Participant: 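Handing you this structure, nothing more for now.
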Amino acid sequence: MLPAAAAGPDAQYCRYIAVTLKREAGPDDDPVALAVLEDRVYVCNDVAADPRAGFWRAAAPGFAFRSLAVFPLRRGGVPVGAIMHCANE
């Protein structure tokens, strides 16, 4: 999955993102993949401490976000994408 839109002071961060979806969710999936594969909301209150936020943690020091929430987007009841909100708190 590739970002379709971004806004805010760290919008350029989205240029470096590509999320790979596998057929089944696994323990190493990032929050965006989990939200889509498991069709559920994923909330990460601390990117630095969340074991599933490895990719985001590696990129986060250069950007101002510390937490994130991912919401699956559905078409016909089937997840087809996600929207992610990041915060610097």
Side-chain angles (χ1 to χ4, degrees):
M1 291 178 22
L2 298 173
D10 293 326
Q12 74 273 11
Y13 173 72
C14 289
R15 294 182 197 151
Y16 307 103
I17 297 172
V19 174
T20 302
L21 298 178
K22 300 176 285 185
R23 191 174 287 291
E24 298 288 328
D28 60 340
D29 286 326
D30 72 27
V32 174
L34 286 171
V36 174
L37 292 170
E38 295 181 354
D39 191 17
R40 66 179 177 96
V41 172
Y42 189 95
V43 176
C44 173
N45 291 313
D46 186 354
V47 170
D50 189 330
R52 297 224 177 193
F55 171 80
W56 307 102
R57 185 173 36 260
F63 296 90
F65 69 89
R66 294 187 198 159
S67 59
L68 57 89
V70 186
F71 304 89
L73 299 174
R74 299 175 188 94
R75 180 181 297 148
V78 177
V80 296
I83 186 167
M84 183 171 83
H85 297 276
C86 300
N88 61 358
E89 301 177 2

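Numbers here simply count residues along the sequence, with the first being 1. Nothing here was measured: the structure is a model prediction, and the numbers come from that model.
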Participant: Between atom CG of Asp46 and atom CG of Leu68, what is the distance when rounded to the nearest 0.5 Å?
Facilitator: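 The distance works out to 10.5 Å.
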Participant: Hey, quick one: are Val41 and Leu37 part of the same hydrophobic cluster, counting side-chain heavy atoms closer than 4.5 Å, chains of contacts allowed?
Facilitator: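 No, because Val41 and Leu37 fall into different hydrophobic clusters, even though each may have its own neighbours under 4.5 Å.
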Participant: Which heavy atom of Ala82 sits nearest a heavy atom of Val36, and at what distance?
Facilitator: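 Minimum heavy-atom separation between Ala82 and Val36: CB-CG2, 3.9 Å.
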Participant: Working note: Val70 + Met84, criterion side-chain contact (heavy atoms from CB on, under 4.5 Å); need CA distance, chi angles, decisive distance, verdict.
Facilitator: CA-CA 4 Å; Val70 186; Met84 183 171 83; 3.8 Å; yes
Participant: Considering all heavy atoms of both residues, which atom of Pro72 and which atom of Arg40 are nearest to each other, and what is their separation?
Facilitator: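 So the two residues come closest at CD-O, 3.4 Å.
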